[in-house]
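Right, one structure below, let's go through it.
Here is the naming used below: chain letters follow the sequence lines, and residue numbers restart at 1 for every chain.
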There are 2 protein chains.
Amino acid sequence: MTDVTQEAHFCQACVVRSRAICADLDQDEIQVLNSIGRRRNLAAGEQLLWEGDEAIIVANVVRGVLKLSTQTSDGKEQILGLVYPSDFVGRPFGQITPYGVQALTEAEVCIFQRTDFDRFAREHPRLEHKLLERTLKELDRTRRWMLLLGRMTAEQKLASFLLETAERAEPSSLTMPLSRQQIADVLGLTIETVSRLFSKMKMEGLIDLQSRRQVAILRPAELAVRAG
Amino acid sequence: MTDVTQEAHFCQACVVRSRAICADLDQDEIQVLNSIGRRRNLAAGEQLLWEGDEAIIVANVVRGVLKLSTQTSDGKEQILGLVYPSDFVGRPFGQITPYGVQALTEAEVCIFQRTDFDRFAREHPRLEHKLLERTLKELDRTRRWMLLLGRMTAEQKLASFLLETAERAEPSSLTMPLSRQQIADVLGLTIETVSRLFSKMKMEGLIDLQSRRQVAILRPAELAVRAG
DNA sequence: CGGCGTCATTGATCTGCGTCAACGGCACCG
DNA sequence: CGGTGCCGTTGACGCAGATCAATGACGCCG
(Lines give C-alpha, C1' and ligand atoms only; values in the text may rest on other atoms or scores of the structure.)
Protein backbone atom coordinates (compact mmCIF):
# COMPACT_ATOMS: atom_id res chain seq x y z
CA MET A 1 0.00 0.00 0.00
CA THR A 2 1.25 3.48 -0.79
CA ASP A 3 1.00 6.38 1.60
CA VAL A 4 -1.84 7.89 -0.37
CA THR A 5 -4.02 4.82 -0.24
CA GLN A 6 -3.31 4.41 3.40
CA GLU A 7 -4.43 7.94 4.00
CA ALA A 8 -7.46 7.49 1.76
CA HIS A 9 -8.33 4.49 3.80
CA PHE A 10 -7.93 6.60 6.91
CA CYS A 11 -10.24 9.23 5.45
CA GLN A 12 -12.97 6.71 4.74
CA ALA A 13 -12.87 5.55 8.28
CA CYS A 14 -13.14 9.16 9.43
CA VAL A 15 -15.84 9.52 12.05
CA VAL A 16 -17.04 12.86 10.67
CA ARG A 17 -16.81 11.89 7.03
CA SER A 18 -20.55 11.79 6.48
CA ARG A 19 -21.25 15.09 8.21
CA ALA A 20 -18.26 17.23 7.21
CA ILE A 21 -17.93 19.19 3.99
CA CYS A 22 -16.15 16.27 2.36
CA ALA A 23 -19.33 14.21 2.51
CA ASP A 24 -20.32 14.63 -1.14
CA LEU A 25 -16.93 13.88 -2.64
CA ASP A 26 -16.31 10.68 -4.56
CA GLN A 27 -13.51 8.20 -4.13
CA ASP A 28 -10.97 9.98 -6.35
CA GLU A 29 -11.69 13.40 -4.96
CA ILE A 30 -11.29 12.19 -1.42
CA GLN A 31 -7.89 10.82 -2.28
CA VAL A 32 -6.74 14.17 -3.64
CA LEU A 33 -8.10 16.01 -0.64
CA ASN A 34 -6.44 13.49 1.56
CA SER A 35 -3.09 14.05 -0.06
CA ILE A 36 -3.15 17.75 0.79
CA GLY A 37 -4.45 17.33 4.34
CA ARG A 38 -3.06 15.91 7.52
CA ARG A 39 -4.30 15.04 10.98
CA ARG A 40 -3.20 16.90 14.05
CA ASN A 41 -3.92 16.43 17.72
CA LEU A 42 -4.43 19.42 19.95
CA ALA A 43 -4.09 19.50 23.70
CA ALA A 44 -6.78 21.31 25.69
CA GLY A 45 -5.88 24.99 25.64
CA GLU A 46 -3.66 24.74 22.58
CA GLN A 47 -4.03 27.55 20.06
CA LEU A 48 -4.54 26.58 16.41
CA LEU A 49 -4.81 30.04 14.85
CA TRP A 50 -3.99 33.52 16.13
CA GLU A 51 -6.17 36.53 15.42
CA GLY A 52 -4.60 38.80 12.83
CA ASP A 53 -2.13 36.23 11.58
CA GLU A 54 -1.92 35.35 7.95
CA ALA A 55 -4.62 32.81 7.13
CA ILE A 56 -2.32 29.90 6.39
CA ILE A 57 -4.48 26.96 7.32
CA VAL A 58 -8.06 25.77 7.42
CA ALA A 59 -9.33 22.63 9.10
CA ASN A 60 -12.12 20.19 9.78
CA VAL A 61 -12.77 19.30 13.38
CA VAL A 62 -12.71 15.55 13.97
CA ARG A 63 -12.93 15.41 17.75
CA GLY A 64 -13.23 17.89 20.61
CA VAL A 65 -14.50 21.45 20.96
CA LEU A 66 -12.74 24.62 19.86
CA LYS A 67 -13.58 28.28 20.34
CA LEU A 68 -13.32 31.26 18.00
CA SER A 69 -12.56 34.43 19.90
CA THR A 70 -11.43 38.01 19.73
CA GLN A 71 -10.80 40.77 22.22
CA THR A 72 -11.17 44.49 22.72
CA SER A 73 -8.11 46.72 22.89
CA ASP A 74 -8.40 46.68 26.67
CA GLY A 75 -8.27 42.92 26.77
CA LYS A 76 -11.87 41.87 27.33
CA GLU A 77 -12.53 38.65 25.46
CA GLN A 78 -15.58 37.77 23.39
CA ILE A 79 -16.11 34.23 22.16
CA LEU A 80 -17.49 34.41 18.61
CA GLY A 81 -18.33 30.80 18.06
CA LEU A 82 -17.91 27.24 19.26
CA VAL A 83 -16.82 24.56 16.88
CA TYR A 84 -17.74 20.89 17.23
CA PRO A 85 -16.81 17.69 15.37
CA SER A 86 -17.56 17.86 11.61
CA ASP A 87 -17.47 21.70 11.70
CA PHE A 88 -15.08 23.64 9.55
CA VAL A 89 -12.70 26.33 10.86
CA GLY A 90 -10.54 28.94 9.24
CA ARG A 91 -10.96 31.60 6.62
CA PRO A 92 -10.83 30.27 3.07
CA PHE A 93 -10.26 32.86 0.33
CA GLY A 94 -9.00 35.41 2.84
CA GLN A 95 -5.60 36.80 3.68
CA ILE A 96 -6.02 37.30 7.40
CA THR A 97 -7.42 35.13 10.17
CA PRO A 98 -10.02 37.43 11.71
CA TYR A 99 -10.18 35.64 15.09
CA GLY A 100 -8.23 33.27 17.25
CA VAL A 101 -8.98 29.55 17.32
CA GLN A 102 -8.17 27.56 20.43
CA ALA A 103 -8.94 24.04 21.59
CA LEU A 104 -11.12 23.93 24.71
CA THR A 105 -10.85 20.19 25.13
CA GLU A 106 -8.35 17.70 23.84
CA ALA A 107 -9.08 17.71 20.11
CA GLU A 108 -8.21 16.34 16.72
CA VAL A 109 -8.37 18.30 13.49
CA CYS A 110 -7.80 17.61 9.81
CA ILE A 111 -5.63 20.45 8.52
CA PHE A 112 -5.11 21.90 5.05
CA GLN A 113 -2.85 24.65 3.78
CA ARG A 114 -5.32 27.34 2.87
CA THR A 115 -3.93 27.86 -0.60
CA ASP A 116 -4.15 24.12 -1.32
CA PHE A 117 -7.67 24.03 0.02
CA ASP A 118 -8.74 27.11 -1.93
CA ARG A 119 -7.46 25.62 -5.16
CA PHE A 120 -9.16 22.31 -4.49
CA ALA A 121 -12.41 24.04 -3.59
CA ARG A 122 -12.47 26.15 -6.75
CA GLU A 123 -12.01 23.00 -8.79
CA HIS A 124 -14.78 21.12 -6.98
CA PRO A 125 -18.09 22.95 -7.00
CA ARG A 126 -19.79 20.31 -4.88
CA LEU A 127 -17.36 21.03 -2.09
CA GLU A 128 -17.81 24.77 -2.50
CA HIS A 129 -21.53 24.27 -2.34
CA LYS A 130 -21.24 22.37 0.93
CA LEU A 131 -19.04 25.09 2.27
CA LEU A 132 -21.54 27.74 1.19
CA GLU A 133 -24.44 25.99 2.89
CA ARG A 134 -22.38 25.61 6.02
CA THR A 135 -21.32 29.25 5.98
CA LEU A 136 -24.90 30.41 5.48
CA LYS A 137 -26.01 28.32 8.46
CA GLU A 138 -23.19 29.65 10.55
CA LEU A 139 -24.22 33.19 9.61
CA ASP A 140 -27.77 32.48 10.74
CA ARG A 141 -26.53 31.08 14.03
CA THR A 142 -24.22 34.03 14.54
CA ARG A 143 -27.04 36.49 13.94
CA ARG A 144 -29.23 34.77 16.50
CA TRP A 145 -26.35 35.15 18.90
CA MET A 146 -26.32 38.88 18.16
CA LEU A 147 -29.87 39.18 19.45
CA LEU A 148 -28.74 37.44 22.60
CA LEU A 149 -25.78 39.76 23.10
CA GLY A 150 -27.61 42.95 22.26
CA ARG A 151 -31.01 42.54 23.80
CA MET A 152 -31.19 39.79 26.39
CA THR A 153 -30.80 39.95 30.16
CA ALA A 154 -28.17 37.86 31.89
CA GLU A 155 -30.73 35.23 32.86
CA GLN A 156 -32.12 34.99 29.34
CA LYS A 157 -28.58 34.63 28.03
CA LEU A 158 -27.61 31.80 30.34
CA ALA A 159 -30.88 29.94 29.91
CA SER A 160 -30.52 30.14 26.12
CA PHE A 161 -26.95 28.99 26.33
CA LEU A 162 -27.77 25.99 28.49
CA LEU A 163 -30.55 24.88 26.19
CA GLU A 164 -28.40 25.21 23.11
CA THR A 165 -25.51 23.38 24.72
CA ALA A 166 -27.84 20.60 25.80
CA GLU A 167 -28.96 20.11 22.20
CA ARG A 168 -25.38 19.38 21.20
CA ALA A 169 -24.81 16.80 23.92
CA GLU A 170 -26.32 13.50 25.06
CA PRO A 171 -29.62 13.66 26.91
CA SER A 172 -29.90 14.83 30.51
CA SER A 173 -26.57 15.14 32.26
CA LEU A 174 -24.23 17.17 30.16
CA THR A 175 -20.54 17.85 30.56
CA MET A 176 -19.75 21.47 29.84
CA PRO A 177 -16.74 21.94 27.61
CA LEU A 178 -16.47 25.49 28.96
CA SER A 179 -15.25 26.98 32.22
CA ARG A 180 -17.31 29.65 33.97
CA GLN A 181 -15.06 32.32 32.54
CA GLN A 182 -15.52 30.98 29.03
CA ILE A 183 -19.28 30.88 29.43
CA ALA A 184 -19.07 34.52 30.52
CA ASP A 185 -17.00 35.27 27.41
CA VAL A 186 -19.62 33.62 25.22
CA LEU A 187 -22.48 35.57 26.74
CA GLY A 188 -20.82 38.95 27.18
CA LEU A 189 -21.04 38.76 30.98
CA THR A 190 -18.62 38.46 33.91
CA ILE A 191 -17.71 35.23 35.65
CA GLU A 192 -19.38 36.43 38.86
CA THR A 193 -22.71 37.04 37.17
CA VAL A 194 -22.59 33.61 35.52
CA SER A 195 -21.74 31.95 38.81
CA ARG A 196 -24.55 33.72 40.66
CA LEU A 197 -27.03 32.68 38.00
CA PHE A 198 -25.94 29.05 38.21
CA SER A 199 -26.49 29.16 41.95
CA LYS A 200 -29.86 30.86 41.57
CA MET A 201 -31.06 28.36 38.97
CA LYS A 202 -29.92 25.47 41.13
CA MET A 203 -31.73 26.90 44.14
CA GLU A 204 -34.87 27.27 42.06
CA GLY A 205 -34.62 23.65 40.95
CA LEU A 206 -34.13 24.41 37.27
CA ILE A 207 -30.79 22.68 37.08
CA ASP A 208 -28.54 20.52 39.19
CA LEU A 209 -24.80 20.91 39.55
CA GLN A 210 -23.18 17.55 40.22
CA SER A 211 -19.77 19.12 39.82
CA ARG A 212 -18.47 22.31 38.26
CA ARG A 213 -18.56 20.90 34.77
CA GLN A 214 -21.53 18.57 35.20
CA VAL A 215 -24.86 20.27 34.71
CA ALA A 216 -28.21 18.51 34.61
CA ILE A 217 -31.23 20.31 33.25
CA LEU A 218 -34.15 19.40 35.50
CA ARG A 219 -36.89 21.60 34.08
CA PRO A 220 -36.17 22.39 30.42
CA ALA A 221 -39.60 23.90 29.83
CA GLU A 222 -39.16 26.43 32.61
CA LEU A 223 -35.66 27.14 31.34
CA ALA A 224 -37.12 27.87 27.92
CA VAL A 225 -39.49 30.35 29.54
CA ARG A 226 -36.55 32.09 31.18
CA ALA A 227 -34.76 32.20 27.82
CA GLY A 228 -37.64 34.33 26.58
CA MET B 1 -36.54 43.34 -29.59
CA THR B 2 -37.89 40.66 -27.33
CA ASP B 3 -38.53 41.16 -23.68
CA VAL B 4 -35.51 39.10 -22.80
CA THR B 5 -33.07 41.18 -24.80
CA GLN B 6 -34.56 44.32 -23.41
CA GLU B 7 -34.06 43.05 -19.95
CA ALA B 8 -30.55 41.86 -20.73
CA HIS B 9 -29.78 45.30 -21.98
CA PHE B 10 -31.20 46.71 -18.77
CA CYS B 11 -28.96 44.36 -16.75
CA GLN B 12 -25.83 45.52 -18.52
CA ALA B 13 -26.61 49.09 -17.67
CA CYS B 14 -27.11 48.06 -14.04
CA VAL B 15 -25.20 50.39 -11.72
CA VAL B 16 -24.18 47.58 -9.38
CA ARG B 17 -23.38 45.08 -12.13
CA SER B 18 -19.64 45.19 -11.55
CA ARG B 19 -19.83 44.88 -7.77
CA ALA B 20 -22.74 42.48 -7.25
CA ILE B 21 -22.54 38.70 -7.35
CA CYS B 22 -23.47 38.74 -11.05
CA ALA B 23 -20.15 40.42 -11.87
CA ASP B 24 -18.38 37.33 -13.19
CA LEU B 25 -21.16 36.06 -15.39
CA ASP B 26 -20.85 36.14 -19.14
CA GLN B 27 -23.33 37.48 -21.67
CA ASP B 28 -25.44 34.32 -21.94
CA GLU B 29 -25.55 33.68 -18.25
CA ILE B 30 -26.65 37.22 -17.54
CA GLN B 31 -29.53 36.79 -19.91
CA VAL B 32 -30.74 33.68 -18.15
CA LEU B 33 -30.40 35.32 -14.77
CA ASN B 34 -32.22 38.31 -16.12
CA SER B 35 -35.10 36.20 -17.30
CA ILE B 36 -35.75 34.88 -13.81
CA GLY B 37 -35.32 38.22 -12.00
CA ARG B 38 -37.24 41.45 -11.89
CA ARG B 39 -36.78 44.94 -10.53
CA ARG B 40 -38.83 46.29 -7.71
CA ASN B 41 -38.98 49.68 -6.01
CA LEU B 42 -39.45 49.93 -2.30
CA ALA B 43 -40.70 52.93 -0.38
CA ALA B 44 -38.83 53.91 2.79
CA GLY B 45 -40.18 51.72 5.57
CA GLU B 46 -41.53 49.04 3.24
CA GLN B 47 -40.94 45.48 4.34
CA LEU B 48 -39.41 43.08 1.81
CA LEU B 49 -39.25 39.92 3.95
CA TRP B 50 -40.80 38.95 7.25
CA GLU B 51 -38.94 36.98 9.89
CA GLY B 52 -40.11 33.40 10.05
CA ASP B 53 -41.83 33.45 6.68
CA GLU B 54 -41.01 30.92 4.05
CA ALA B 55 -37.90 32.00 2.22
CA ILE B 56 -39.54 32.69 -1.12
CA ILE B 57 -37.30 35.36 -2.56
CA VAL B 58 -33.72 36.59 -2.60
CA ALA B 59 -32.49 39.88 -4.03
CA ASN B 60 -29.66 42.15 -4.99
CA VAL B 61 -29.81 45.71 -3.72
CA VAL B 62 -29.51 48.24 -6.51
CA ARG B 63 -30.19 51.46 -4.65
CA GLY B 64 -30.92 52.50 -1.06
CA VAL B 65 -30.27 50.99 2.35
CA LEU B 66 -32.13 48.10 3.98
CA LYS B 67 -31.93 46.58 7.44
CA LEU B 68 -32.01 42.97 8.63
CA SER B 69 -33.61 42.68 12.02
CA THR B 70 -35.13 40.41 14.60
CA GLN B 71 -36.70 40.83 18.01
CA THR B 72 -36.96 39.22 21.41
CA SER B 73 -40.23 37.71 22.58
CA ASP B 74 -40.88 40.86 24.57
CA GLY B 75 -40.53 43.03 21.51
CA LYS B 76 -37.07 44.54 21.79
CA GLU B 77 -35.55 44.88 18.34
CA GLN B 78 -32.00 44.08 17.31
CA ILE B 79 -30.73 45.12 13.90
CA LEU B 80 -28.56 42.29 12.55
CA GLY B 81 -27.13 43.94 9.50
CA LEU B 82 -27.36 46.84 7.10
CA VAL B 83 -27.47 46.21 3.39
CA TYR B 84 -26.18 48.64 0.78
CA PRO B 85 -26.20 48.74 -3.05
CA SER B 86 -24.58 45.66 -4.62
CA ASP B 87 -25.19 43.62 -1.47
CA PHE B 88 -27.23 40.46 -1.54
CA VAL B 89 -30.18 39.73 0.75
CA GLY B 90 -32.21 36.66 1.54
CA ARG B 91 -31.50 33.10 2.49
CA PRO B 92 -30.60 30.88 -0.45
CA PHE B 93 -30.83 27.12 0.13
CA GLY B 94 -32.98 27.64 3.21
CA GLN B 95 -36.64 27.10 3.96
CA ILE B 96 -37.21 29.94 6.38
CA THR B 97 -36.25 33.60 6.35
CA PRO B 98 -34.44 33.95 9.67
CA TYR B 99 -34.86 37.74 9.97
CA GLY B 100 -36.97 40.58 8.66
CA VAL B 101 -35.77 42.77 5.80
CA GLN B 102 -37.06 46.34 5.57
CA ALA B 103 -36.12 49.34 3.45
CA LEU B 104 -34.78 52.25 5.50
CA THR B 105 -34.64 54.62 2.56
CA GLU B 106 -36.40 54.59 -0.76
CA ALA B 107 -34.78 51.63 -2.47
CA GLU B 108 -34.58 49.47 -5.57
CA VAL B 109 -33.91 45.75 -5.57
CA CYS B 110 -33.47 43.02 -8.14
CA ILE B 111 -35.60 40.10 -7.00
CA PHE B 112 -35.46 36.38 -7.73
CA GLN B 113 -37.68 33.53 -6.67
CA ARG B 114 -35.45 31.62 -4.31
CA THR B 115 -35.99 28.27 -5.99
CA ASP B 116 -35.11 29.78 -9.40
CA PHE B 117 -32.04 31.39 -7.93
CA ASP B 118 -30.96 28.23 -6.12
CA ARG B 119 -31.19 26.22 -9.30
CA PHE B 120 -29.28 28.82 -11.28
CA ALA B 121 -26.61 29.06 -8.60
CA ARG B 122 -26.07 25.30 -8.46
CA GLU B 123 -25.59 25.29 -12.22
CA HIS B 124 -23.12 28.18 -12.15
CA PRO B 125 -20.16 27.60 -9.86
CA ARG B 126 -18.69 31.04 -10.53
CA LEU B 127 -21.82 32.62 -9.10
CA GLU B 128 -21.78 30.27 -6.14
CA HIS B 129 -18.19 31.17 -5.56
CA LYS B 130 -19.01 34.89 -5.51
CA LEU B 131 -21.82 34.19 -3.12
CA LEU B 132 -19.52 32.17 -0.89
CA GLU B 133 -16.91 34.92 -0.75
CA ARG B 134 -19.61 37.43 0.06
CA THR B 135 -21.10 35.24 2.76
CA LEU B 136 -17.68 34.67 4.34
CA LYS B 137 -17.08 38.43 4.42
CA GLU B 138 -20.49 39.03 5.90
CA LEU B 139 -19.74 36.44 8.57
CA ASP B 140 -16.50 38.23 9.43
CA ARG B 141 -18.32 41.55 9.68
CA THR B 142 -21.07 40.02 11.80
CA ARG B 143 -18.53 38.55 14.19
CA ARG B 144 -16.81 41.90 14.64
CA TRP B 145 -20.23 43.26 15.48
CA MET B 146 -20.56 40.59 18.16
CA LEU B 147 -17.50 41.95 19.93
CA LEU B 148 -19.13 45.37 19.85
CA LEU B 149 -22.41 44.09 21.28
CA GLY B 150 -20.88 41.88 23.93
CA ARG B 151 -17.93 43.80 25.23
CA MET B 152 -18.02 47.48 24.34
CA THR B 153 -19.35 50.43 26.31
CA ALA B 154 -22.03 52.67 24.83
CA GLU B 155 -19.45 55.26 23.80
CA GLN B 156 -17.21 52.68 22.12
CA LYS B 157 -20.24 51.35 20.29
CA LEU B 158 -21.37 54.69 18.92
CA ALA B 159 -17.85 55.80 17.98
CA SER B 160 -17.31 52.51 16.10
CA PHE B 161 -20.63 52.86 14.37
CA LEU B 162 -19.97 56.43 13.23
CA LEU B 163 -16.59 55.51 11.81
CA GLU B 164 -17.95 52.50 9.99
CA THR B 165 -20.88 54.45 8.59
CA ALA B 166 -18.53 57.20 7.44
CA GLU B 167 -16.53 54.64 5.45
CA ARG B 168 -19.61 53.76 3.47
CA ALA B 169 -20.50 57.34 2.60
CA GLU B 170 -18.90 60.31 0.83
CA PRO B 171 -16.18 62.16 2.71
CA SER B 172 -16.94 64.51 5.60
CA SER B 173 -20.63 65.36 5.97
CA LEU B 174 -22.64 62.20 6.00
CA THR B 175 -26.36 61.70 5.84
CA MET B 176 -27.44 58.99 8.25
CA PRO B 177 -29.86 56.49 6.77
CA LEU B 178 -30.90 55.61 10.33
CA SER B 179 -33.06 57.30 12.93
CA ARG B 180 -31.85 57.52 16.52
CA GLN B 181 -34.03 54.57 17.43
CA GLN B 182 -32.55 52.50 14.62
CA ILE B 183 -29.01 53.38 15.67
CA ALA B 184 -29.96 52.22 19.15
CA ASP B 185 -31.30 48.98 17.66
CA VAL B 186 -28.03 48.44 15.81
CA LEU B 187 -25.91 48.99 18.90
CA GLY B 188 -28.06 47.26 21.49
CA LEU B 189 -28.76 50.52 23.35
CA THR B 190 -31.75 52.76 24.03
CA ILE B 191 -32.62 55.88 22.09
CA GLU B 192 -31.93 58.03 25.15
CA THR B 193 -28.40 56.75 25.56
CA VAL B 194 -27.67 57.29 21.88
CA SER B 195 -29.08 60.80 22.02
CA ARG B 196 -27.05 61.69 25.10
CA LEU B 197 -23.88 60.41 23.46
CA PHE B 198 -24.50 62.46 20.32
CA SER B 199 -24.89 65.54 22.50
CA LYS B 200 -21.78 64.72 24.49
CA MET B 201 -19.66 64.13 21.39
CA LYS B 202 -20.90 67.36 19.86
CA MET B 203 -20.08 69.27 23.04
CA GLU B 204 -16.61 67.78 23.01
CA GLY B 205 -16.08 68.85 19.41
CA LEU B 206 -15.78 65.32 18.01
CA ILE B 207 -18.72 65.69 15.66
CA ASP B 208 -21.10 68.35 14.43
CA LEU B 209 -24.83 67.94 14.04
CA GLN B 210 -26.13 70.15 11.26
CA SER B 211 -29.51 68.52 11.50
CA ARG B 212 -30.83 65.31 13.01
CA ARG B 213 -29.70 63.21 10.06
CA GLN B 214 -26.62 65.25 9.08
CA VAL B 215 -23.53 64.31 11.03
CA ALA B 216 -20.04 65.65 10.33
CA ILE B 217 -17.05 63.91 11.85
CA LEU B 218 -14.66 66.65 12.97
CA ARG B 219 -11.97 64.61 14.72
CA PRO B 220 -11.89 61.08 13.31
CA ALA B 221 -8.64 60.20 15.10
CA GLU B 222 -10.08 61.03 18.51
CA LEU B 223 -13.24 59.15 17.57
CA ALA B 224 -11.10 56.12 16.77
CA VAL B 225 -9.54 56.39 20.23
CA ARG B 226 -13.01 56.40 21.78
CA ALA B 227 -13.92 53.35 19.69
CA GLY B 228 -11.14 51.52 21.53
C1' DC C 1 -1.53 13.73 53.87
C1' DG C 2 -0.68 18.67 53.45
C1' DG C 3 0.50 22.65 50.75
C1' DC C 4 -0.28 25.22 46.68
C1' DG C 5 -2.47 26.98 42.57
C1' DT C 6 -6.55 27.47 39.93
C1' DC C 7 -11.22 28.08 39.48
C1' DA C 8 -15.70 29.01 41.44
C1' DT C 9 -18.70 31.00 44.81
C1' DT C 10 -20.48 34.57 47.61
C1' DG C 11 -20.89 39.16 49.60
C1' DA C 12 -20.60 44.30 49.53
C1' DT C 13 -20.56 48.20 46.86
C1' DC C 14 -20.50 50.99 42.73
C1' DT C 15 -21.96 52.67 38.25
C1' DG C 16 -23.41 52.78 33.35
C1' DC C 17 -27.16 52.50 31.21
C1' DG C 18 -32.13 51.71 31.25
C1' DT C 19 -36.55 53.56 32.62
C1' DC C 20 -39.87 57.05 33.32
C1' DA C 21 -41.24 61.55 32.47
C1' DA C 22 -41.34 66.21 30.67
C1' DC C 23 -40.22 69.18 27.15
C1' DG C 24 -38.51 71.00 22.57
C1' DG C 25 -38.20 71.26 17.61
C1' DC C 26 -39.57 70.44 13.11
C1' DA C 27 -42.74 68.89 9.44
C1' DC C 28 -47.11 68.64 7.87
C1' DC C 29 -51.81 69.99 7.32
C1' DG C 30 -56.17 72.37 7.65
C1' DC D 1 -50.65 80.75 11.05
C1' DG D 2 -51.66 77.76 14.98
C1' DG D 3 -52.60 72.85 15.89
C1' DT D 4 -51.13 68.09 15.94
C1' DG D 5 -47.98 64.39 15.99
C1' DC D 6 -43.66 62.39 15.66
C1' DC D 7 -38.91 62.27 16.81
C1' DG D 8 -35.29 63.72 19.53
C1' DT D 9 -33.36 65.82 23.70
C1' DT D 10 -32.73 66.39 28.52
C1' DG D 11 -33.34 65.43 33.43
C1' DA D 12 -34.23 62.54 37.61
C1' DC D 13 -34.01 58.14 39.37
C1' DG D 14 -33.46 53.05 39.82
C1' DC D 15 -31.48 48.73 38.96
C1' DA D 16 -28.98 44.92 36.60
C1' DG D 17 -24.81 43.68 36.27
C1' DA D 18 -19.82 45.15 36.88
C1' DT D 19 -16.21 45.65 40.11
C1' DC D 20 -13.64 44.78 44.23
C1' DA D 21 -12.62 41.65 47.77
C1' DA D 22 -12.70 37.54 50.62
C1' DT D 23 -13.48 32.78 51.06
C1' DG D 24 -14.28 28.06 49.52
C1' DA D 25 -13.65 23.78 46.80
C1' DC D 26 -10.88 20.82 44.01
C1' DG D 27 -7.02 18.80 41.75
C1' DC D 28 -2.19 18.11 41.62
C1' DC D 29 2.21 16.96 43.18
C1' DG D 30 5.82 16.19 46.44
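- Partners of A/Lys202 under the side chain to side chain contact (heavy atoms under 4.5 Å, CB included) rule, at least two apart in sequence or in another chain, are A/Ile207, A/Asp208, A/Leu209.
- With hydrogens and angles ignored, a donor-acceptor pair under 3.5 angstrom links the side chain of B/Glu192 to the base of C/dC20.
- A side-chain N or O of A/Glu51 and one of A/Thr70 form a donor-acceptor pair less than 3.5 Å apart.
- At the heavy-atom level, B/Ser195 lies under 4.0 Å from base atoms of the strands shown.
- Taking the side chain to side chain donor-acceptor pair (under 3.5 Å) definition, one finds that A/Glu108 meets it with A/Arg39, A/Arg63, sequence neighbours left out.
- In summary, the side chains of B/Tyr99 and A/Arg143 do present a donor paired with an acceptor at a separation below 3.5 Å, with no hydrogens or angles considered.
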What string of B, S and - do you get for nucleotides 22-27 of chain C, 5' to 3', when a contact is any protein heavy atom under 4.0 Å? ------

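- Contact annotation: the side chain of B/Leu149 approaches that of A/Met146 to within less than 4.5 Å [non-hydrogen atoms, C-beta and beyond].
- Side-chain atoms of A/Ser179 lie closest to C/dA8 of the nucleotides C/dA8, D/dA18, D/dT9.
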Might you list the N or O atoms of the protein lying below 3.5 Å from N or O atoms in nucleotides 15-17 of chain D, with each pair's distance?
| from | atom 1 | to | atom 2 | distance (Å) |
| --- | --- | --- | --- | --- |
| D/dG17 | OP1 | A/Ala154 | N | 2.7 |

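- Rounded to 10 degrees, the angle between the two end axes of the helix from C/dC1-D/dG30 to C/dG30-D/dC1 is 30°, with five pairs used at each end.
- Under the 6.0 Å distance and 45° angle rule, B/Arg134 does not count as a cation-pi partner of B/Phe88.
- Rounded to an integer number of Å, the gap from CG of A/Leu158 to C1' of C/dA8 is 14 Å.
- If you take CZ of B/Phe198 and P of D/dT9, they are 8 Å apart, rounded to a whole angstrom.
- When rounded to the nearest whole Å, the span between CG of B/Asp185 and P of D/dG8 equals 11 Å.
- With sequence neighbours excluded, the residues satisfying side chain to side chain donor-acceptor pair (under 3.5 Å) with B/Glu155 are B/Lys200, B/Arg226.
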